[in-house]
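Quick notes on the structure that follows.
First the proteins, then the strands, lettered A, B, ... as listed; each starts at 1.
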Amino acid sequence: MSDTINLTLKIWRQKDASSPGKFETFKLDGVSTHMSFLEMMDVLNEKLIKENKEPIAFDHDCREGICGMCSMYINGRAHGPLKGTTTCQLHMRHFHDGQTITIEPWRAKGFPVIKDLVVDRNAFEIIMQAGGFVSVNTGSPADANAILIPNPIAEEAMDGAACIGCGACVATCKNASAMLFVSAKVSQLALLPQGQVERAERVMNMVKAMDEAGFGNCTNTGACEAECPKEVSVSHIARLNREYLMANLKNR
Amino acid sequence: MAILDSKIPKGPLAEKWTKYRSTVKLVNPANKRHLEIIVVGSGLAGASAAASLAELGYKVKVFCFQDSPRRAHSIAAQGGINAAKNYQNDGDSTYRLFYDTIKGGDFRAREANVYRLAEVSASIIDQCVAQGVPFARDYGGTLDNRSFGGVQVSRTFYARGQTGQQLLLGAYSALSRQIGKKQVKMYNRHEMLEVVMIDGKARGIIARDLVTGKLERHFGHAVVLATGGYGNVFFLSTNAMGCNVTANWKAYKKGAAFGNPCFTQIHPTCIPVSGDYQSKLTLMSESLRNDGRIWVPAKVGDKRKPVDIPDNERDYYLERRYPAFGNLVPRDVASRAAKQVCDEGKGVGPSGLAVYLDFRDSIKRLGKDVITARYGNLFEMYEKITGEDPYQTPMRIYPAVHYTMGGLWVDYNLMTTVQGLYALGECNFSDHGANRLGASALMQGLADGYYVIPYTIGDYLSGEILTKPIPTDHQAFAEAENNVKERIDKLLSIKGNQSVDDLHKRLGKVMWDYCGMARNEEGLLKAKKMVKEIREEFWKDVKVPGGAFEFNTELEKACRVADFLELGELMIDDALNRKESCGGHFREESATDKGEAKRDDANFAYVSAWEFQGDNQPAKLNKEPLIFEEIHLAERNYE
Ligand SMILES: Cc1cc2nc3c(=O)[nH]c(=O)nc-3n(C[C@H](O)[C@H](O)[C@H](O)COP(=O)(O)OP(=O)(O)OC[C@H]3O[C@@H](n4cnc5c(N)ncnc54)[C@H](O)[C@@H]3O)c2cc1C
Ligand code: FES
């Protein structure tokens with residue numbers, strides 16, 4: 001495989017939330033296949049700056065696949081073609097010479113565009129504030145080993161807790177549903193002994209906040225799981241549905 | 001002049017904190033409601049502090065530049081968090097953690113602070129578990145531990161390779177709860193660009209809304225900075241792209257002394273640089289050194305594939321030089337050793353700036369499944385970045401800038417030399433001396449936020465209960481805002497030829513070459529000149545596209561790099577002044593016959609606290625002598 005490739009990039013440009021957006025096409029030659037996708041974007045931006053054009057705005061920070069900040073819809077897929085991989089961890093060796101790459105922001109009613117590829121994900125914050133916690137103040141809690149948690153339970157909770165809150169699930173879902181995100185948190189805390197006291201209340205509050213934020217319904221297409229960079233499983237959604245049902249029964 | 005009163009409580013080391021807590025002045029709940037606190041930063045230190053202060057009843061405002069507090073760079077910590085729980089019954093104790101931290105820091109940290117850190121470490125784990133942090137567990141259901149570089153006990157708690165993420169999500173959940181209760185007001189996508197001083201006290205900040213570009217004024221009875229490390233002064237580091245020194249630097253320019261700015265940690269196990277487009281370096285967790293063996297070919301210029309090089313033609317140089325600690329020597333020692341073998345021409349990979357980290361033997365001994373269970377996600381990450389499979393061929397690693405032990409000087413209360421201005425977490429200088437032990441930064445961030453500041457801030461705020469909130473149309477706010485505005489206008493008006501990144505990369509290279517893993521007087525003097533030149537060029541020739549009142553990432557970067565360009569010079573001054581070698585600071589002039597770092601306790605057992613004297617004026621050096629009452633100063637020996 002050659003070490004450099006030439007690309008055509010079709011990128012969504014949008015001045016701000018209230019302006020209409022459109023695709024703009026750029027040629028980028030001599031892209032090293034060892035670069036990460038975002039480094040390729042850096043190179044493009046440096047080129048644009050040199051040409052007195054405005055660089056493309058995109059979100060990113062850790063570039064290690066963990067902060068959940070990067071969020072590009074690449075060739076029709078959230079975070080691009082590689083399974084279990086965030087945009088920042090995607091490398092150019094997965095593209096070929098002469099390829100056209102289409103890059104868009106997350107598109108969902110709950111995530112309005114701020115500029116170019118940057119969207120507003122504050123709706124996720126509001127959902128977390130509604131119940132994504134155990135109500136315990138800082139103080140002198142019991143010794144950590146006073147709560148015994150069998151390894152498989154801890155591991156399953158960790159599977160949900162691994163969510164990075166990037167929003168790929170929403171961007172991928174044809175209904176723009178946030179169920180995978182919400183269920184990952186609900187599931188983590190429903191599995192652990194620490195989460196039991198507020199178990200029913202939590203799921204009710206988080207689902208309510210999710211609905212109010214304008215996310216769509218889940219119709220079990222499973223697309224979210226397929227595109228989740230942390231491979232969070234839809235089994236968490238099944239658990240959320242059970243939790244919700246039980247909480248409703250309890251409230252009756 | 002800055003007064004360096006460390007305010008260490010009297011009495012025996014082990015009783016200081018307990019006594020302090022029982023006698024510190026308190027603020028009654030009715031008064032707390034009227035006291036406002038600004039917390040800048042939402043990483044482990046900031047989020048834990050903000051949540052805990054809000055729980056106590058203070059009115060809190062929190063700022064971060066990411067779009068969510070959960071994205072602070074603490075999220076990226078992989079390996080784990082230390083605590084003196086002695087769950088493994090292997091002889092750990094508060095004292096041993098204290099001793100290891102002081103020794104690991106090469107005797108350049110303050111005893112009382114470090115002891116307190118070790119003391120509260122156990123509560124941190126309890127608190128995190130209570131929040132639902134899913135730490136790794138044994139089959140019996142108890143918490144599991146691993147060991148980390150520089151120590152001989154297993155005291156590190158972890159959650160897969162995502163410990164920082166899980167701890168931050170814990171602190172973030174506590175913070176979110178307080179935001180939901182309206183006890184905290186959260187300002188995402190906001191960058192603090194100035195500290196507002198009124199009558200000698202910190203009374204607020206100027207922040208830029210990164211979406212609209214609008215400058216905002218915010219009042220606080222006290223201001224708490226928890227803004228992380230400044231490793232990005234080197235351009236390439238394991239830090240996130242946004243990590244910066246700006247908040248610290250503004251505080252410094254308002255009179256907060258900067259402690260030990262040159263103390264930088266270079267982490268031994270990172271993925272090597274692959275090209276000049278490189279934007280950041282990726283850490284491979286130190287925990288890999290538990291089972292991976294580090295080596296280079298014994299012969300210079302041996303270009304065979306690593307798997308084809310027989311054992312007797314490999315140099316396992318850490319095991320050879322340091323038989324007692326082997327691959328688990330502290331970071332600074334491991335990094336320097338890697339540099340030495342590469343300087344000798346034994347480095348591997350295309351650039352020759354890499355060494356092997358090999359899992360062949362542990363896969364043979366423990367089986368692939370065990371290795372996958374322990375490091376699966378790290379192996380995957382390595383393969384994603386390099387396209388090579390570490391199960392088949394050894395990883396290539398090289399040291400990279402990782403952590404800054406230096407930071408704002410703080411007293412025992414975590415207050416800087418500016419009244420009412422506090423610094424927590426990586427942005428302060430305390431606790432780690434000249435070198436930080438693995439898994440101790442997370443511990444420090446959470447100790448500062450959950451268990452220290454909630455008490456110590458009361459000492460100051462108890463004297464502020466009669467202070468009414470100061471309206472932000474006060475002259476001082478107007479002036480501070482105007483300063484920020486002028487600076488931004490200036491940056492936008494230069495319209496030069498070089499991009500912010502171009503200039504930042506040049507700064508980074510100078511810092512890495514002359515103020516990195518090895519430093520000497522000649523190089524440092526040269527670097528000082530070069531940094532000054534780059535800074536002058538920056539202000540004449542930088543090109544920042546776009547305007548002030550819009551989402552403008554180039555402008556954000558320019559504001560940060562402008563501060564890095566000033567910080568770089570201070571780091572060099574500090575490195576020049578400290579003629580000894582200690583921890584991560586290696587002065588080539590001060591080495592033992594074997595090439596190990598040689599400390600000079602007679603002349604340098606102090607903290608350098610630099611004080612700003614005005615733009616283009618040399619900073620003034622203040623010294624806080626380090627007095628060791630409990631520990632006997634010894635040469636660090638890991639052989
Ligand atoms: C890759 C990596 C792995 C690591 N692994 C470990 C480990 O295993 N164990 C360990 O103990 N330590 C580890 N560390 C170190 C540790 O993660 C950090 O030292 C620690 O998390 C820092 O926490 P903090 O709260 O001080 O700062 P951060 O988490 O960096 O948070 C800084 C906060 O300040 C905000 N901020 C900064 N400047 C401004 C400004 N001007 N205006 C507004 N907001 C601002 C940011 O938005 C952010 O919210 C690792 C570090 C890295 C880079
Ligand atoms: S930039 Fe952090 S996950 Fe991609």
Side-chain angles (χ1 to χ4, degrees), chain A residues 16 32 34-35 38-39 42-43 46 49-50 52 54-55 57 59-69 85 89 91 93 114-115 118 120-122 124-125 128-130 132-138 140-145 147-151 154 157-158 161-162 165 188-189 192 194-195, chain B residues 51-52 55 66-68 70-71 73 75-76 85 87 123 125-127 129-132 134-143 159-160 162 165-166 169 173-174 176-177 179-180 186 188 211 240-242 274-275 277-280 282 381 384-385 387 450 454 499 501 543 545-546 551 553-554:
Chain A
D16 52 37
S32 161
H34 299 294
M35 278 183 199
L38 296 185
E39 284 168 345
D42 292 341
V43 171
E46 286 294 300
I49 294 169
K50 300 263 142 81
N52 290 323
E54 208 184 331
D59 262 333
H60 65 110
D61 197 28
C62 73
R63 297 203 176 187
E64 288 190 15
I66 192 75
C67 74
M69 191 104 181
T85 306
Q89 292 290 83
H91 279 66
R93 68 180 72 91
I114 290 176
K115 183 175 181 179
V118 177
D120 181 349
R121 286 174 284 201
N122 204 45
F124 273 11
E125 299 303 303
M128 288 296 288
Q129 289 153 16
F133 47 76
V134 172
S135 293
V136 52
N137 284 357
T138 306
S140 322
D143 184 85
N145 264 347
I147 310 172
L148 294 180
I149 304 173
N151 171 296
M158 181 63 208
Q188 175 201 345
L189 295 177
L192 295 174
Q194 299 93 310
Chain B
S52 307
E55 286 161 9
Q66 293 92 345
D67 72 336
S68 160
R70 68 180 289 158
R71 308 202 200 284
H73 193 50
I75 201 90
K85 278 285 199 187
Y87 280 164
S123 305
I125 303 302
D126 299 340
Q127 181 65 28
V129 166
Q131 292 168 343
F135 284 120
R137 302 256 166 187
D138 280 332
Y139 281 87
T142 53
L143 290 155
R160 294 195 188 145
Q162 289 130 269
Q165 179 198 27
Q166 293 310 313
L169 292 182
S173 70
S176 295
R177 176 170 160 243
I179 299 171
M186 185 71 220
N188 296 326
V211 175
M241 302 303 287
S274 78
Y277 47 79
Q278 191 97 24
S279 60
K280 75 155 277 158
T282 302
M381 177 158 23
K384 267 181 198 156
I385 294 173
Y450 285 135
S499 71
D501 275 8
K543 179 173 193 172
F551 188 92
T553 46
E554 286 298 310

Check your understanding: Do A:Glu64 and B:Ile75 come within less than 4.5 Å of each other through their side chains, counting heavy atoms only?
Key -> no
Review point. Can you list the residues that meet the salt bridge (Lys or Arg N to Asp or Glu O under 4.0 Å) rule with A:Glu39, with sequence neighbours excluded?
Key: none
Review point. Is B:Tyr87 close to A:Asp143 at the side-chain level, that is, under 4.5 Å between some pair of heavy atoms?
Key: yes
**Study point:** Contact check, side chains of A:Asn145 and B:Arg137, non-hydrogen atoms, under 4.5 Å
**Key:** yes
Check your understanding: In Å, rounded to the nearest 0.5 Å, how long is the span from OG of B:Ser499 to NZ of A:Lys50?
Key -> 4.5 Å
Point to revise | Sidechain-backbone polar pair: A:Gln188 side chain, B:Gly132 backbone, donor-acceptor under 3.5 Å | key: yes
Check your understanding: Is B:Met381 close to A:Gln89 at the side-chain level, that is, under 4.5 Å between some pair of heavy atoms?
Key -> yes
Check your understanding: Is there a side-chain contact between A:Cys67 and B:Gln66, using heavy atoms and a 4.5 Å cut-off?
Key -> no
Review point. Given that the side chain runs from C-beta out, which part of A:Ala154 has a heavy atom under 4.5 Å from chain B: side chain, backbone, both or neither?
Key: both
Exercise for review: Mind checking salt bridge (Lys or Arg N to Asp or Glu O under 4.0 Å) for B:Lys543 and listing every partner two or more places apart, or none if nothing turns up?
Suggested key: none
Check your understanding: Between B:Phe135 and chain A, which part of the residue has a heavy atom less than 4.5 Å away: side chain, backbone, both or neither?
Key -> backbone
**Study point:** side chain to side chain contact (heavy atoms under 4.5 Å, CB included) partner of A:Thr138, the single match among B:Pro454, B:Ser52, B:Ser123
**Key:** B:Ser52
Check your understanding: Given that the side chain runs from C-beta out, which part of B:Asp138 has a heavy atom under 4.5 Å from chain A: side chain, backbone, both or neither?
Key -> backbone
Exercise for review: Quick one: pull up CG in A:Asp61 and CZ in B:Arg71 and give me the separation to the nearest 0.5 Å.
Suggested key: 9.5 Å
Check your understanding: Heavy-atom distance under 4.5 Å between the side chains of A:Ser32 and B:Tyr277, does that happen here?
Key -> yes
